[in-house]
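Here is the structure we will look at.
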Amino acid sequence: MRIKLKLIVLFVFVSVLNANCQSSQVSTKETEVKSKKKRKKKKKIKLPEIDLTHWKVTTPGGNGKKPQEVSPPEIINYATNESLKPYMYNDSTRGALVFYAFPSKATTANTKYSRSELREQMVSGENNVNWTFKDGGYMKGKLAIDDISKDSEGKYHRVIIMQIHGRLTNEQRDLIGEKDNNAPPILKVYWDKGKIRVKTKVLKNLSSTPEEMLHEEAWGDDEGFNFEQEVGFGKFTLEVEVSDGKMVVILNKNEFKVYENIHMKKWGVFENYFKAGNYFQTRDEGAFAKVRFYDLEVTH
């Protein structure tokens, strides 16, 4: 009787032990499956959905005198372009396109600052086809400051993240005897110490003739405008909409700055193009800026 009782107890003990082992194995397998799923999620690659077929990029690279410029169709393959990758590359964890700039010797004409900045091309690879305010235009970008250096006083450097740049037609250039087609920018949008600041142009003499208005010195800077919201290093949305005699800048669909005045009307003499990216505003040694663009679109 005792032997039977011992055998029963032993059988129950072995059954319980086996059940615990099986349960432990199932639990371990479940943990391993969950861990693999987490690893897969972490490795998920996100790419920015930005169509670059109508953009040219200028970077601080180049031959030390002229900056690097890459136009369509070459710009489409920026991710595999070894000379371009240091200045324009994907952040695959955030799904953003990063523009990196620092003070280099390679700058564009009429400026001392370096840039990694896109320039709109309405016709791919062509700079001579542009638009007027009467034609109208709309640009929208979702972006964030990735990283930026500070000056000797501990204040963040400034960077221009969007522009509308004026341009002389070939006929206008020849009429006033200029060497190139450069005209002033009617819009500069800055990231300035965590806030968005807007600068535009005003005509100094409202009685100027159309020919006189073509000269850069005919235009001066306005006092500027700061949006109330502080964007800091967070993601934000900027929209720029232009029509005949009017320009509107919108931050996060919440704050609006409207320019509708005689200066906007007079600006109709120029052709224009949109710009977006990282136009770095310092020559401080060791300075740098990185700007992330998640989305960028332009329509006319």
M139 and V298: side-chain contact (heavy atoms from CB on, under 4.5 Å), yes or no, with the steps?
CA-CA 4 Å; M139 176 167 61; V298 165; 3.9 Å; yes

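- Taking the side chain as every heavy atom from C-beta outward, L238 and L251 approach each other to under 4.5 Å.
- Of all the heavy atoms in N170 and N181, the pair that sits closest is OD1-ND2, 2.9 Å.
- Distance check: I186 CD1 to K201 NZ gives 8.5 Å after rounding to the nearest 0.5 Å.
- A donor-acceptor pair under 3.5 Å is formed between the side chain of D91 and the backbone N or O of R94.
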Pair E217-K204, salt bridge (Lys or Arg N to Asp or Glu O under 4.0 Å): steps then yes or no:
CA-CA 9 Å; E217 57 268 22; K204 295 176 183 177; over 6 Å; no

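- Note that NE2 of H54 and CD1 of I75 are 12.0 Å apart. Values are rounded to the nearest 0.5 Å.
- E239 has a carboxylate O that lies under 4.0 Å from a charged side-chain N of K253, or vice versa, which qualifies the two as a salt bridge.
- Ring pair F274/W55: centre-to-centre distance not below 6.0 Å.
- Ring geometry for Y156 against W191 counts as perpendicular: the plane angle is over 60°, on a 0 to 90° scale with 30° as the lower cut.
- Between L203 and H263, the closest heavy-atom pair is N-ND1, 3.0 Å.
- Under 3.5 Å, the side chains of N90 and S92 contain no donor-acceptor pair of N or O atoms.
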Side chain to side chain donor-acceptor pair (under 3.5 Å) for E271 and Q172? Distances and angles first, verdict last.
CA-CA 10 Å; E271 288 189 344; Q172 289 173 333; over 6 Å; no

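- Residues M264 and E260 come closest through the heavy atom pair CG-N, 4.4 Å.
- The minimum heavy-atom distance linking V291 with V159 is given by the pair CG2-CG2, 4.3 Å.
- Proximity of a side-chain donor or acceptor of K199 to a complementary backbone N or O of D222 within less than 3.5 Å is detected.
- Ring geometry for F133 versus W131: interplanar angle under 30°, hence parallel rather than tilted (30 to 60°).
- Residues M162 and V249 fail the side-chain proximity criterion, which asks for heavy atoms closer than 4.5 Å.
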Full working for side-chain contact (heavy atoms from CB on, under 4.5 Å) between R158 and T282
CA-CA 7 Å; R158 293 195 311 169; T282 184; over 6 Å; no

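- Using a 4.5 Å heavy-atom cutoff, the side chains of F280 and S149 are in contact.
- Annotation: cation-pi pair R167/Y273 absent, no NZ/CZ under 6.0 Å from the ring centroid and within 45° of its normal.
- Contact check for T107 versus K112: no side-chain heavy atoms found under the 4.5 Å cut-off.
- A donor and an acceptor atom, one from each side chain of R115 and T108, are located under 3.5 Å apart.
- Here the side chains of D146 and F99 are not in contact, with every heavy-atom distance at 4.5 Å or above.
- Side-chain contact of N252 with Q229: a donor-acceptor pair under 3.5 Å is present, judged by distance alone.
- Linking ILVMFWY residues whenever their side-chain heavy atoms come closer than 4.5 Å, directly or via other members, leaves I50 and I45 in distinct clusters.
- Rounded to the nearest 0.5 angstrom, E255 CD and I250 CD1 are separated by 11.5 Å.
- Between K246 and V248 the shortest heavy-atom distance is CE-CG2, 3.7 Å.
- Side-chain contact between N261 and V202 is absent, with no heavy-atom pair separated by less than 4.5 Å.
- Here the side chains of Q163 and L187 are not in contact, with every heavy-atom distance at 4.5 Å or above.
- Shown here for H300 and M122, the closest heavy-atom pair between the two residues is CD2-CE, 3.9 Å.
- Between N278 and K290 there is no side-chain heavy-atom pair separated by less than 4.5 Å.
- Under a cutoff of 6.0 Å and an axis angle of 45°, R197 and Y190 do not form a cation-pi pair.
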